[in-house]
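Throughout, protein chains are lettered first and strands after them, A, B, ... in sequence-line order, and every chain is numbered starting at 1. Note: hydrogens, waters and symmetry copies are ignored here, and every other heavy atom, side chains too, is used.
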There are 4 protein chains.
Amino acid sequence: MFEWPLRVYIEDTDAGGIVYYANYLKFMERARTEWLRQLGFEQESLRQQDCLFVVQSLQLDYQRSARLDDELSVSVALERCGRASMVIHQQVMLAGEVLCRGQVRIACVNAAGRPRSFPNPIRMALADQASQFLTSKETM
Amino acid sequence: MFEWPLRVYIEDTDAGGIVYYANYLKFMERARTEWLRQLGFEQESLRQQDCLFVVQSLQLDYQRSARLDDELSVSVALERCGRASMVIHQQVMLAGEVLCRGQVRIACVNAAGRPRSFPNPIRMALADQASQFLTSKETM
Amino acid sequence: MFEWPLRVYIEDTDAGGIVYYANYLKFMERARTEWLRQLGFEQESLRQQDCLFVVQSLQLDYQRSARLDDELSVSVALERCGRASMVIHQQVMLAGEVLCRGQVRIACVNAAGRPRSFPNPIRMALADQASQFLTSKETM
Amino acid sequence: MFEWPLRVYIEDTDAGGIVYYANYLKFMERARTEWLRQLGFEQESLRQQDCLFVVQSLQLDYQRSARLDDELSVSVALERCGRASMVIHQQVMLAGEVLCRGQVRIACVNAAGRPRSFPNPIRMALADQASQFLTSKETM
């Protein structure tokens with residue numbers, strides 16, 4: 001499972017003194033971007049292959065609030081991977097405790113917004129991730 | 001059903017040329033805030049009664065993308081209302097077409113973050129809304 | 001002088017309970033966009049004429065803070081207009097009192113980011129605005 | 001001179017394909033926050049001493065645009081430090097080239113928003129920074 005650390009700045013908070021609820025989606029996308037980068041894929045180069053990732057649907061559960069100066073960790077785990085879409089499970093954590101849990105369904109589209117299958121190199125990298133994830137679940 | 005109009009500005013877009021996916025949550029909260037205001041409730045005065053609204057969970061379905069200069073409309077419909085929480089259904093629409101659909105579960109908490117029941121005036125206003133919504137569904 | 005009304009939502013605030021300092025730039029851009037739209041120009045159609053507006057420099061003075069639920073008004077006054085750039089003076093006001101004052105220098109560039117002169121229709125509209133502004137200053 | 005690295009994510013960009021102009025203020029505040037943290041001061045603990053930092057005015061010069069995936073570096077240099085306010089010079093850089101230059105004037109206020117002098121420990125740390133900065137300028 002991939003984890004990405006980040007810090008809460010004043011820009012992320014709201015007048016309630018906590019992280020604004022939409023900003024967890026920013027945190028989750030930063031972690032997904034870094035997960036892809038670590039697998040060898042940058043959005044800009046994917047775009048040049050006429051491959052864009054768009055979020056189709058998501059579910060978020062807010063359990064506790066993050067606050068200014070908190071050092072968070074955001075996880076990325078590939079749950080399912082099809083030919084042209086994938087489902088990712090993510091958690092925003094503070095000191096090992098889950099603050100927010102999300103499930104994000106992402107589709108691969110071309111510049112015109114039409115669904116297309118993942119380019120081969122990324123499909124292989126994702127298949128590898130998915131099998132690792134399944135294996136680690138089976139052995140638990 | 002309450003509807004709130006808004007315009008897409010450059011601040012709402014991303015490098016994909018479309019509205020950034022987290023920003024639909026901003027649009028939905030603006031509409032919920034105006035819906036409450038129209039019912040006679042401002043967040044600041046609720047806060048003074050030790051009543052805060054926090055989002056507990058949400059689901060979003062993205063169907064089409066909004067773009068710069070689009071004139072959107074965001075709806076608010078109370079689906080269920082309990083003693084201390086409610087479920088709201090929302091749609092972001094462009095020219096009558098749904099771009100994004102959301103279901104948001106909101107809880108009432110005190111300043112310490114503990115669940116508390118809605119203050120009486122707001123409970124009555126919400127009950128009224130919920131019955132209107134049910135009636136309009138039944139008659140459809 | 002053009003004025004654009006807007007409301008402060010929770011998304012605009014930070015943990016200090018006030019509007020986050022970068023967000024005044026969003027408010028000012030919304031007002032500039034509506035000012036241009038009222039003059040008959042939308043960014044999307046300007047883009048199709050290979051004309052983009054970019055901010056070159058700005059100055060902001062923060063005098064008082066805006067808060068949740070505040071109804072603000074943002075002004076736009078063209079101070080100077082050259083062949084390929086203009087200087088705009090803006091104020092964010094609450095109930096007639098200035099909260100934040102800004103001066104924004106904007107250049108016209110092509111898609112490659114090179115300076116270019118304003119297209120004729122917009123140059124004429126801006127010249128008209130500038131002379132109105134000068135006249136109103138002279139008569140004060 | 002303090003430097004803070006950061007990455008450009010899709011959340012930071014706009015439909016022009018570049019970093020949205022207000023977001024440089026977020027980047028600069030992140031760097032200032034980390035600079036203070038490295039000097040031993042967190043905003044939350046300053047707040048408990050009834051000491052808040054507010055931006056009074058700023059100047060920004062935009063020279064080139066940052067783009068998606070860029071690895072930026074943001075500098076912080078204390079230019080002047082008085083009893084209750086300071087002026088900070090900042091640069092956003094990409095591979096050694098300056099993209100954006102800013103000068104930010106920050107005041108120390110109490111919870112009621114009234115100016116107050118810096119607490120002693122922070123005044124000493126800032127004086128130390130300012131003298132280092134002057135010395136490095138003199139020896140250049």
Side-chain angles (χ1 to χ4, degrees), chain A residues 11-12 14-33 42-44 46-48 50-67 74 85 87-88 90 92 98-115, chain B residues 11-12 14-33 42-44 46-48 50-67 74 85 87-88 90 92 98-115:
Chain A
E11 70 188 76
D12 304 310
D14 67 23
I18 57 178
V19 168
Y20 181 61
Y21 87 130
N23 291 340
Y24 293 92
L25 290 181
K26 295 187 177 179
F27 296 169
M28 288 179 176
E29 181 155 56
R30 289 185 209 170
R32 293 196 305 269
T33 303
E42 291 218 326
Q43 306 214 9
E44 201 43 44
L46 289 172
R47 190 184 305 264
Q48 282 158 24
D50 197 25
C51 164
L52 303 171
F53 286 170
V54 295
V55 173
Q56 286 188 310
S57 62
L58 58 86
Q59 256 180 290
L60 286 186
D61 283 284
Y62 299 93
Q63 280 156 286
R64 283 194 46 202
S65 301
R67 292 176 174 276
V74 188
S85 72
V87 177
I88 291 175
Q90 300 196 260
V92 179
V98 178
L99 304 186
C100 178
R101 225 183 276 278
Q103 202 176 41
V104 185
R105 185 184 176 84
I106 292 167
C108 189
V109 299
N110 63 18
R114 294 275 159 72
Chain B
E11 70 189 77
D12 304 311
D14 66 25
I18 56 178
V19 168
Y20 181 61
Y21 87 129
N23 291 340
Y24 292 92
L25 291 181
K26 294 186 178 180
F27 297 169
M28 289 179 176
E29 180 154 56
R30 289 185 209 170
R32 293 195 305 269
T33 303
E42 292 217 326
Q43 306 214 9
E44 201 43 45
L46 288 172
R47 191 184 304 265
Q48 281 158 23
D50 197 25
C51 163
L52 304 171
F53 286 170
V54 295
V55 173
Q56 286 188 308
S57 61
L58 58 86
Q59 255 179 290
L60 286 185
D61 282 285
Y62 299 93
Q63 280 156 287
R64 283 194 46 204
S65 301
R67 292 177 174 277
V74 188
S85 72
V87 176
I88 291 175
Q90 300 196 260
V92 179
V98 178
L99 304 185
C100 179
R101 223 182 278 277
Q103 203 177 39
V104 185
R105 185 183 177 85
I106 291 167
C108 189
V109 299
N110 63 17
R114 294 275 158 73

Smallest separation among heavy atoms of [X] and [Y], with atom names:
X: A/Gln90; Y: A/Val74; answer: NE2-CG1, 4.1 Å
X: B/Leu99; Y: B/Ala66; answer: CD1-CB, 3.6 Å
X: A/Leu52; Y: A/Ala111; answer: CD1-CA, 4.1 Å
X: A/Tyr24; Y: A/Cys100; answer: CD2-CB, 3.9 Å

> Who pairs with B/Arg32 by salt bridge (charged side-chain N to carboxylate O under 4.0 Å, His left out), at least two apart in sequence or on another chain?
Replying inline: B/Glu29
> salt bridge (charged side-chain N to carboxylate O under 4.0 Å, His left out) with B/Glu42: which residues, sequence neighbours excluded?
Replying inline: B/Arg37, C/Arg7
> Any donor and acceptor pair, going by atom type alone, linking the side chain of B/Asn110 with main-chain N or O of B/Asp50 inside 3.5 Å?
Replying inline: no
> Non-hydrogen atoms of chain A under 4.5 Å away: do they reach the side chain of B/Arg64, the backbone, both or neither?
Replying inline: neither
> Which residues in residues 101-108 of chain A have any heavy atom lying under 4.5 Å from a heavy atom of chain B?
Replying inline: none
> chain B contacts: which residues in residues 15-23 of chain A have a non-hydrogen atom closer than 4.5 Å to it?
Replying inline: A/Ala15, A/Gly16, A/Tyr20, A/Tyr21, A/Ala22
>> Quick check for you: to the nearest 0.5 Å, what is the distance between B/Lys26 atom NZ and A/Leu25 atom CG?
In response: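 Answer for the NZ-CG pair, B/Lys26 versus A/Leu25, is 11.5 Å.
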>> To the closest 0.5 Å, what do you measure between CZ (A/Phe53) and CD1 (A/Ile88)?
In response: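 With rounding to 0.5 Å, CZ (A/Phe53) is 8.5 Å from CD1 (A/Ile88).
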> Going by heavy atoms in the side chains, are A/Leu60 and B/Val55 under 4.5 Å from each other?
Replying inline: no
